[in-house]
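Notes follow once the structure below has been shown.
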Amino acid sequence: MLLQDGLSTATRAEVTARLSRPDLGRWLSQVQQVRQCAHPVRLAGSCDTVDRATGEILASYSSAGEPDGVTYVRCGNRRASVCPSCSHEYKGDVWHVLMAGAAGGMKNVPESVAAHPLVFATLTAPSFGPVHAAKKPGRSGTRRCLPRSGDRRRLCPHGRRLWCMAVHDHTDPAAGQPLCPDCYDYPAHLVWQWWAPELWRRFTITLRRRLAHHLGLTESAARRLIRVQFAKVAEYQRRGIIHFHALIRLDGAPTDLDPYPAPAAGIDASVLAQLVLDAARAVTYEAPPVDAADVPRLLRFGVQVDARPVTGTADRDPDAADQQGAQLHPETVAAYIAKYATKAASDLPTDGHGGNGHQRRLQATLRQLAGRATLAALTENEAPYRGWGRWTDMLGFRGHLATKSRRYSVTLGPAPPSPPRLHPPPQPAPA
Ligand SMILES: [Zn+2]
Ligand SMILES: [Zn+2]
Ligand SMILES: [Zn+2]
């Protein structure tokens with residue numbers, strides 16, 4: 001009875017028809033297979049399992065034998081706004097991958113990795129203009145957004161105040177919005193976001209070089225002793241730009257017998273943390289101009305780079321963990337990991353409420369810049385901004401929200417969706 005409440009006449013008729021069909025049992029077991037997926041993929045076709053040596057067909061499956069002639073597969077979408085069930089499953093996968101590599105003792109990753117030097121790092125984006133900020137109460141108790149002092153006493157060229165005495169909490173829609181949208185450098189924000197994966201790639205190369213330099217070895221000699229493994233999650237800040245949280249671990253050179261050996265060089269987590277900071281501060285990338293009317297931009301990470309050694313002797317108190325540069329206890333890191341796994345599987349900033357004014361302006365600027373880049377690519381050989389406009393939902397970020405190096409830990413579940421390979425059914429001949 002409850003089921004029928006609020007259903008349209010057409011839907012009610014469909015439900016009745018479904019319930020009275022003889023293949024209801026098989027249909028229900030298909031539905032069960034995709035569990036609570038909101039948008040199961042419908043596949044039609046067939047596949048054969050063939051003995052390679054003899055060519056004999058060992059088994060055949062065809063969706064034609066299923067109710068409605070389709071087989072259902074979970075959609076695998078990571079966004080809770082699209083499919084709560086698949087998003088929830090992905091979140092669990094991310095947690096396992098991050099946790100296994102940090103603590104070991106799960107998913108075939110040995111417990112011994114917990115003794116490897118491990119650093120928890122946060123790499124932020126630089127500022128592209130002052131934004132309203134929701135602050136945690138500091139030691140002095142002040143939570144004001146941007147108190148009036150020094151050069152914040154001034155007005156911007158558009159006559160807007162460069163200070164803000166308000167206290168914003170995390171639910172305040174003002175948080176993350178620019179003090180002056182006309183001063184905010186939207187193109188630079190978007191160009192940085194587009195090249196953030198390249199900055200990360202350069203960071204990992206620089207870190208490997210600095211490790212080798214620290215050991216007084218060539219890079220290839222250092223590679224025989226140590227390997228950098230990492231897992232990272234990209235998180236959107238309120239201002240609509242991502243920053244990276246990463247677990248960075250040192251291993252030895254893996255072999256078939258031991259995929260997770262201890263590093264064969266004496267570098268502890270504190271030294272690794274310092275090298276991570278140095279590398280993050282040194283990395284730059286000169287982003288090409290969007291078109292002939294644009295300028296090249298020298299990109300780097302923001303000044304708020306943080307890298308903390310993760311050690312069993314650190315204070316478990318969360319307040320102690322909040323101190324800049326403090327060592328982190330593995331349990332604190334486990335709590336962070338749970339939080340970031342949630343972020344990786346969460347909705348995009350543009351999901352749900354249609355975004356705020358700042359996000360709409362980011363998207364409008366992105367569409368405009370992407371259009372200019374496409375026109376420029378018609379006359380140039382290179383198209384460094386190819387496909388930019390397709391990432392409007394992501395506010396121009398094209399990377400994955402959770403990634404890892406191959407040997408950090410187990411593999412993240414297959415990318416969505418992972419249907420069985422079916423041959424398409426024969427097409428009816430055109431009439
Ligand atoms: Zn789904
Ligand atoms: Zn403010
Ligand atoms: Zn202004």
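The residues of the chain are indexed from 1 along the displayed sequence. Counting starts at 1 for both ligands and their atoms, in listed order. All heavy atoms count here, side chains included; hydrogens, waters and symmetry mates do not.
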List for me each residue that meets ring pair (Phe, Tyr, Trp, His ring centres under 6.0 Å) alongside Phe301, sequence neighbours excluded, and say none if there are none.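 Ring pair (Phe, Tyr, Trp, His ring centres under 6.0 Å) check on Phe301 returns nothing, list empty.
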
Ring pair (Phe, Tyr, Trp, His ring centres under 6.0 Å) partners of Trp195, counting only residues at least two apart: Tyr285, Tyr385

What verdict does the side chain to side chain donor-acceptor pair (under 3.5 Å) test give for Thr124 and Gln304, after you've listed the backbone C-alpha separation in whole Å, the side-chain angles of each residue and the deciding distance to 0.1 Å? CA-CA 6 Å; Thr124 58; Gln304 285 167 329; 4.6 Å; no

Gln229 to Ser405 - nearest heavy-atom pair and separation: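 The pair with the smallest heavy-atom distance is OE1-OG, 2.7 Å.
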
Which atom names give the shortest non-hydrogen contact between Ala282 and Arg210, and what distance separates them?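 Looks like CB-NH2, 3.4 Å.
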
To the nearest 0.5 Å, what is the distance between NE2 on His116 and CG on Leu250? 9.5 Å

With rounding to 10 degrees, His132 ND1, the Zn ion (ligand 2) and Cys145 SG define an angle of 110°

What protein N/O/S atoms sit under 2.8 Å from the Zn ion (ligand 1), by chain and number?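 Correct list: Cys37 SG, Cys75 SG, Cys83 SG, Cys86 SG.
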
Sort by chain and number the protein N/O/S atoms found under 2.8 Å from the Zn ion (ligand 3).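 Counting only protein N, O or S atoms under 2.8 Å from the Zn ion (ligand 3), the list reads Cys156 SG, His158 ND1, Cys180 SG, Cys183 SG.
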
Which class fits the ring pair His358 and Tyr186: parallel under 30°, tilted 30 to 60°, perpendicular over 60°? tilted

Check ion pair Asp393-Arg79 (N to O, under 4.0 angstrom):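 Salt bridge present between Asp393 and Arg79.
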
Distance to the ring centre below 6.0 angstrom and angle to the axis at most 45 degrees; does that hold for Arg249 and Tyr408?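 Pair Arg249/Tyr408 counts as cation-pi.
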
Take Thr392 and Gln363 through the test side chain to side chain donor-acceptor pair (under 3.5 Å) and record every step on the way to the result. CA-CA 6 Å; Thr392 313; Gln363 291 180 303; 6.0 Å; no

